[in-house]
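Working notes, beginning with the structure itself.
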Number of protein chains: 2
Amino acid sequence: MPEQYRQLGMKLTPQRLAILHYLSGNGTHPSAENIYKDVLKQFPTMSFATVYNTLDALAEKGGLKVVTVDPDKKRYDPNTGPHHHLYCIKCKNIVDINKEFKIRLSDEMRRDFDVLAVCIEFHGICRKCKK
Amino acid sequence: MPEQYRQLGMKLTPQRLAILHYLSGNGTHPSAENIYKDVLKQFPTMSFATVYNTLDALAEKGGLKVVTVDPDKKRYDPNTGPHHHLYCIKCKNIVDINKEFKIRLSDEMRRDFDVLAVCIEFHGICRKCKK
DNA sequence: ATTTTACTGATAAATATTATCATTTTAGAA
DNA sequence: TTCTAAAATGATAATATTTATCAGTAAAAT
Ligand SMILES: [Mn+2]
Ligand SMILES: [Mn+2]
Ligand SMILES: [Zn+2]
Ligand SMILES: [Zn+2]
């Protein structure tokens, strides 16, 4: 898993390893701040710039997904396979939905629009939040 | 259509009418800045605070949807009926998809999560952007 | 007309994200 | 193992978006 950076053509630095380690298998869809605060424990000199640079580079190379369901901030997802999300509008938790749904646009629409990804978001209230 | 504010229990002001007039039937999913700049023509004293206050009030009362597909900023949608979106990752245009898709979560999942809305986002490249 | 309530807009502040750039580090070549 | 080119780090500044304050004003209710 530390080799993931090399395979993506990125230089391997201790800071990046710490970020990747935090992300790897992390299903909480953390924000940049979540990541920053965690990695800060091991790297007291860590900068937000490094977090954003790393996330941007990873996302651009396909090693990370940016989730836009939270209106307040970007959330990041190490699960790069096709899947969908539950979003609790109260606690803002995001949970993966791995079920596959067959949705297809009409052929005329697909002629006018190259679909690269389909994101399904279920907005609602999670169990904890409904008391 | 100007009565929409009253029906939602909001005071009817000229600024709000101008905002509603800009939004009404507008399928471009404008940002707060788009709205501000347009309404500014008629109200040179218009403030961003008024735009945000109005949008927030409208959204809270269900007279407006907030669209989160653009990672850079919130987009607003006067179409409050259930529908979905095409999002061009190059020009950031958002287009309505009115087709209905039948997606249902498993019963166990619906026990744990009250689904209030389902948003399907088709990310890709629009006709104009693919040269 | 008077009162109550809510809205406006100037301004400041908070939050999130991006840009600069000198210094340091990595990775690969010699 | 040096050496070197390329890239990353982090301090800092800047930008962008959004929210908070609040005195003055305007809309609605009485
Ligand atoms: Mn996910
Ligand atoms: Mn729409
Ligand atoms: Zn919740
Ligand atoms: Zn486009």
Side-chain angles (χ1 to χ4, degrees), chain A residues 2-22 29-61 63-76 89 92 94, chain B residues 2-22 29-61 63-76 92:
Chain A
E3 300 300 308
Q4 187 172 347
Y5 281 116
R6 278 217 186 80
Q7 288 173 356
L8 294 171
M10 299 168 64
K11 285 189 176 172
L12 197 153
T13 69
Q15 292 88 347
R16 286 181 167 183
L17 280 177
I19 291 172
L20 198 65
H21 182 260
Y22 176 76
H29 307 85
S31 65
E33 191 187 13
N34 294 147
I35 298 164
Y36 171 72
K37 283 187 173 167
D38 185 90
V39 178
L40 201 62
K41 298 172 194 163
Q42 309 149 59
F43 289 88
T45 68
M46 167 70 54
S47 157
F48 249 115
T50 296
V51 173
Y52 278 112
N53 284 343
T54 300
L55 293 173
D56 289 353
L58 260 180
E60 185 156 357
K61 293 172 191 303
L64 186 69
K65 271 188 181 179
V66 180
V67 178
T68 60
V69 70
D70 182 344
D72 293 333
K73 54 186 71 158
K74 292 176 186 166
R75 308 276 290 261
Y76 297 90
I89 61 176
K92 315 210 165 200
I94 303 173
Chain B
E3 300 300 308
Q4 188 173 348
Y5 281 117
R6 278 216 188 81
Q7 288 173 357
L8 294 172
M10 299 168 66
K11 284 188 177 174
L12 197 154
T13 70
Q15 292 88 347
R16 286 181 168 183
L17 279 177
I19 291 172
L20 198 66
H21 182 259
Y22 176 77
H29 306 84
S31 65
E33 190 186 14
N34 295 146
I35 298 165
Y36 170 71
K37 283 188 174 167
D38 185 89
V39 178
L40 201 63
K41 298 171 193 164
Q42 308 149 59
F43 289 88
T45 68
M46 167 69 54
S47 157
F48 250 116
T50 296
V51 174
Y52 278 112
N53 284 343
T54 301
L55 294 174
D56 289 352
L58 260 180
E60 185 157 357
K61 292 173 193 302
L64 185 70
K65 272 187 180 178
V66 180
V67 178
T68 60
V69 69
D70 182 344
D72 293 334
K73 56 187 69 158
K74 292 176 186 166
R75 308 277 289 261
Y76 297 91
K92 321 219 160 190

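All heavy atoms count here, side chains included; hydrogens, waters and symmetry mates do not. In what follows, chains carry the letters A, B, and so on, assigned in the order in which the sequence lines appear, proteins first and then strands, with residues in each chain numbered from 1.
The stretch residues 44-57 of chain B participates, sequence neighbours left out, in no salt bridge (charged side-chain N to carboxylate O under 4.0 Å, His left out) pair at all.
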Q | Step-by-step side-chain contact (heavy atoms from CB on, under 4.5 Å) determination, Asn34(A) to Tyr22(A) | A | CA-CA 10 Å; Asn34(A) 294 147; Tyr22(A) 176 76; 3.9 Å; yes
Check the interface with nucleotides 26-30 of chain C: list each N/O to N/O pair with the protein under 3.5 Å, or write none.
from    : atom 1 : to       : atom 2 : distance (Å)
dT26(C) : O3'    : Leu12(A) : O      : 3.3
dT26(C) : O2     : Lys11(A) : NZ     : 2.9
dA27(C) : OP1    : Leu12(A) : N      : 2.9

Output a table of nitrogen or oxygen pairs between the protein and nucleotides 15-17 of chain C separated by less than 3.5 Å.
from    : atom 1 : to       : atom 2 : distance (Å)
dA16(C) : OP1    : Lys73(A) : NZ     : 2.9
dT17(C) : OP1    : Lys74(A) : N      : 3.0
dT17(C) : OP2    : Tyr52(A) : OH     : 2.8
dT17(C) : O5'    : Tyr52(A) : OH     : 3.4

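Remark: the backbone N or O of Thr68(A) is paired with a side-chain donor or acceptor of Thr68(B) at under 3.5 angstrom. The main-chain N or O of Val67(A) is never found under 3.5 Å from a side-chain atom of Arg75(A) such that the two would form a donor-acceptor pair. Arg16(B) places a side-chain N or O within 3.5 Å of a backbone atom of Lys11(B) that can act as its donor or acceptor partner.
Distance CG (Asp56(B)) to C1' (dT8(C)): 15 Å, rounded to an integer number of Å. In this entry the distance linking CG of Leu17(A) with P of dT25(C) reads 15 Å, nearest Å. Whole-Å rounding puts the Met46(A) CE to dT24(C) C1' distance at 14 Å.
In this structure, Met10(B) and Leu58(B) approach most closely via the heavy-atom pair CE-N, 4.1 Å. Nearest approach of Ala18(B) to Gln42(B), heavy atoms of both residues: CB-OE1, 3.8 Å.
Residues Val39(B) and Val51(B) form no side-chain contact, since every pair of their non-hydrogen atoms from C-beta on lies 4.5 Å or further apart. Annotation: side chain of Thr54(A) is not in contact with side chain of Gln15(A) (no heavy-atom distance under 4.5 Å). Counting heavy atoms from C-beta outward, Tyr5(A) and Ile19(A) have side chains that approach closer than 4.5 Å.
The side-chain hydrogen bond (donor to acceptor under 3.5 Å, both in side chains) search around Lys61(B) returns none, not counting sequence neighbours.
Where DNA chain D meets chain A (any atom under 4.0 Å from a heavy atom), the bounding nucleotides read 5' to 3' are dA6(D) to dA11(D).
Listed pair Arg16(B) / dT8(C) meets the phosphate criterion, a side-chain N or O lying under 4.0 Å from OP1 or OP2.
Of the residues in residues 36-44 of chain B, none lies under 4.0 Å from DNA chain C by heavy-atom distance.
For Glu60(A), the CD atom sits in a loose shell: 12 or fewer heavy atoms of surrounding residues, nucleotides or ligands are nearer than 6.0 Å.
With dT11(C), dA19(C), dT18(C) as the choices, the nucleotide that has an atom nearest any side-chain atom of Ala49(B) turns out to be dT11(C).
Remark: the Thr50(A) side chain and the Asn53(A) side chain contain no N/O donor-acceptor pair separated by less than 3.5 Å.
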